Amino acid sequence: MNIFRSLMKSLVPNPRTAFGAVLLAAVLGVPGNPDPASAQGEVNLYSYRQPFLIQPLLKAFTKKTGIDVNVVFAPKGVLERLKAEGANSPADAVLTVDIGRLHDMVEAGVLRPVASPTLQKNIAAQYRHPDGLWFGLTVRARVFYVSKDRVAPGAIASYEDLARPDLKGRVCIRSGKHDYNISLIASVIANRGLDEAREWLNGVRANLARKPQGNDRAQAKTIYEGLCDVAVANTYYMAAMVTNDKAPEQKMWAAATRIVFPNSDGRGTHVNISGAAVTRSAKNVDNAVRLIEFLSEDFAQKLYAERNYEYPVKAGVAPHPLVESWGAFNADSVNLAEVAKQRAAASRLVDEVGLDFGGGRS
Ligand code: FE
C-alpha cells in the first residue's frame with residue numbers, strides 16, 4: 001500500500017484531502033482510509049497575497065482544523081480566471097488586497113454572500129460588504145509622508161491641503177491610475193461630491209513637483225532627495241523601509257520623513273483593506289467560511305500585524321510597535337463599498353484633469 005501510495009503520488013490529487021483520498025481509494029480498489037486531518041476536507045484558495053505572509057497562516061489553520069488548504073498564488077488575473085472558469089472554478093475563496101479588486105469581483109458576480117456571526121463580530125461594518133460578499137482582514141491607511149526638515153508639525157493636515165497654493169511644486173505621488181490612488185480619490189468623491197473633488201484634483205495637479213511615477217516608497221526617496229516636501233503613500237511601506245536591511249538606503253528615505261494622518265481630526269483618514277471572499281462557484285463553502293473566520297481571529301490578526309505592518313481589522317489586537325509609534329488616528333467611517341462605487345468616476349477624473357501629465361519635470 002505504501003509503495004502504491006508513493007507510486008501513485010504524482011498521478012493523483014493530494015491523498016491528505018478527502019477528495020484525494022476517495023480518488024486514491026478508487027484507483028487502488030481499497031476502501032478510503034483518510035488520516036484524521038483529511039476527514040475535515042479541504043478548501044481551495046486563489047491568493048493575490050504573497051506566500052511569505054499567507055503560508056504560516058494557512059499552516060496554522062490546517063493544524064487547528066484539519067482542513068487542508070490548496071492555494072494558487074497569482075499576482076494578477078484572478079478575476080479573469082474566475083470569470084473564465086465560471087461554475088467549474090475549483091476556487092472556494094479568494095484573498096486579495098484593495099477594495100477595488102473586491103468590488104470588481106462583486107460587479108462580475110463571482111462572489112457569494114456569507115452570513116457569519118464571527119465575522120460580523122470581528123470586523124466593523126465599514127470594513128465588510130453590507131451583504132457579506134467580502135470581508136476586510138487588514139487595514140492600511142493612505143497617509144502623507146512629509147519632510148521632517150521642511151514641514152512643521154500640523155502644517156499639512158488634510159487631503160484638501162494638497163491643493164493649497166503654498167504647496168506649489170512640493171507634492172509627489174505615484175500614478176493617479178494606481179488602485180491605491182483611485183480609492184483615495186473615490187473617497188474624496190464619496191465625501192465631497194464630484195465637483196469639489198474635480199477642483200481639488202486640479203489643485204493637486206498644479207502642485208506636483210514631477211510627473212506622477214514610481215511606487216509608494218519612491219515618493220519617500222523624493223523627500224530624502226529634496227525634490228518634494230509631501231508625498232502620498234500607504235502606512236506599511238514606512239515600516240518596510242525602516243526595517244529594510246537588504247536595501248538600507250531605504251532607511252534613510254524613511255528617516256527623512258514623518259507620517260501625517262490626513263483628516264484624522266475631521267472625517268477621518270482614508271483607509272483601504274486587504275480582504276477575503278467566498279466564490280460563487282465554491283464547493284467547500286463551510287470550510288471557506290471557517291478559513292476566513294480564522295483569519296479574522298487574534299492569532300492571524302497578530303501575524304498580519306507583525307509580518308506586514310498592517311493594522312489588524314479586529315478591535316483589541318495591537319498593531320506592530322513600530323506602527324503604533326506613529327500614533328493613533330481616526331479612519332474615514334464611510335463603508336468601503338460606498339467608496340468603491342466611486343472608483344469608476346475617480347478613474348475618469350484622473351484622466352479629465354490629466355493628473356498623470358502634471359508636474360514640471362519627469
Ligand atoms: Fe502595497
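The figures here come from the full heavy-atom set of this structure, side chains too, leaving out hydrogens, waters and symmetry mates. This is a predicted model, so every value here is computed, not measured.
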### Query
Is there any ring-ring contact (aromatic ring centres under 6.0 Å, His included) pair reaching into residues 322-350, and which pairs are they, with sequence neighbours excluded?
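For residues 322-350, and leaving out neighbouring residues, the ring-ring contact (aromatic ring centres under 6.0 Å, His included) pairs sorted by first residue read Phe261-Phe329, Tyr311-Phe329.
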### Minimum side-chain heavy-atom gap Met105-Val78 below 4.5 Å
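Of all side-chain heavy-atom pairs linking Val78 with Met105, at least one is under 4.5 Å.
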So, [X] and [Y], do they make that salt bridge, N to O below 4.0 Å?
X      : Y      : value
Lys314 : Asp298 : yes
Arg81  : Glu85  : yes
Glu249 : Lys221 : no
Arg205 : Glu199 : no
Glu293 : Arg290 : no
Arg198 : Asp195 : yes

### Donor on one side chain, acceptor on other, Asn70 and Glu42, under 3.5 Å
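Side chains of Asn70 and Glu42: pair found under 3.5 Å.
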### Task
Apply ring-ring contact (aromatic ring centres under 6.0 Å, His included) to His129 and list each qualifying residue two or more places apart in sequence or on a separate chain.
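For His129, the residues satisfying ring-ring contact (aromatic ring centres under 6.0 Å, His included) (neighbours in sequence not counted) are Trp134.
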### Task
Apply ring-ring contact (aromatic ring centres under 6.0 Å, His included) to Phe135 and list each qualifying residue two or more places apart in sequence or on a separate chain.
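So Phe135 forms no ring-ring contact (aromatic ring centres under 6.0 Å, His included) with any residue.
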### Query
Aromatic ring centroids of Phe144 and Tyr159 under 6.0 Å?
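Yes: the rings meet the under 6.0 Å criterion.
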### Task
Please check if atom CG in Asp351 has more than 12 non-hydrogen atoms from other residues, nucleotides or ligands closer than 6.0 Å.
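Above 12, so yes.
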### Message
Around atom CD of Glu80, are there more than 12 heavy atoms from other residues, nucleotides or ligands closer than 6.0 Å?
### Response
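Result for CD/Glu80: enclosed.
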Which pairs with one or both residues in [range] pass disulfide (SG to SG under 2.5 Å), sequence neighbours excluded?
range            : value
residues 109-158 : none
residues 173-223 : none
residues 54-96   : none
residues 121-196 : Cys172-Cys228

### Message
If the condition is side-chain hydrogen bond (donor to acceptor under 3.5 Å, both in side chains), which residues does Asn335 pass it with, not counting sequence neighbours?
### Response
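Asn335 satisfies side-chain hydrogen bond (donor to acceptor under 3.5 Å, both in side chains) with no residue once adjacent residues are dropped.
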### Message
Can you tell me which residue among Lys168, Arg150, Arg258 is in a salt bridge (charged side-chain N to carboxylate O under 4.0 Å, His left out) with Asp229?
### Response
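When Lys168, Arg150, Arg258 are each tested with Asp229, the salt bridge (charged side-chain N to carboxylate O under 4.0 Å, His left out) holds only for Arg150.
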Contacts of type side-chain contact (heavy atoms from CB on, under 4.5 Å), residue [X], not counting sequence neighbours:
X     : value
Asp98 : Asp179, Tyr180, Ser183, Asn272, Arg343
Lys59 : none
Phe73 : Ser47, Pro51, Ile54, Gln55, Val71

### Task
Take Lys302 and Glu297 through the test salt bridge (Lys or Arg N to Asp or Glu O under 4.0 Å) and record every step on the way to the result.
CA-CA 9 Å; Lys302 268 186 210 150; Glu297 297 283 14; over 6 Å; no
### Message
Going by salt bridge (charged side-chain N to carboxylate O under 4.0 Å, His left out), name the residues that satisfy it together with Arg142, two or more places apart in sequence or in a different chain.
### Response
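Result, salt bridge (charged side-chain N to carboxylate O under 4.0 Å, His left out) vs Arg142: Asp216.
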### Task
Applying side-chain contact (heavy atoms from CB on, under 4.5 Å), run through Leu201 and Val188 and close with a yes or a no.
CA-CA 10 Å; Leu201 205 57; Val188 175; over 6 Å; no
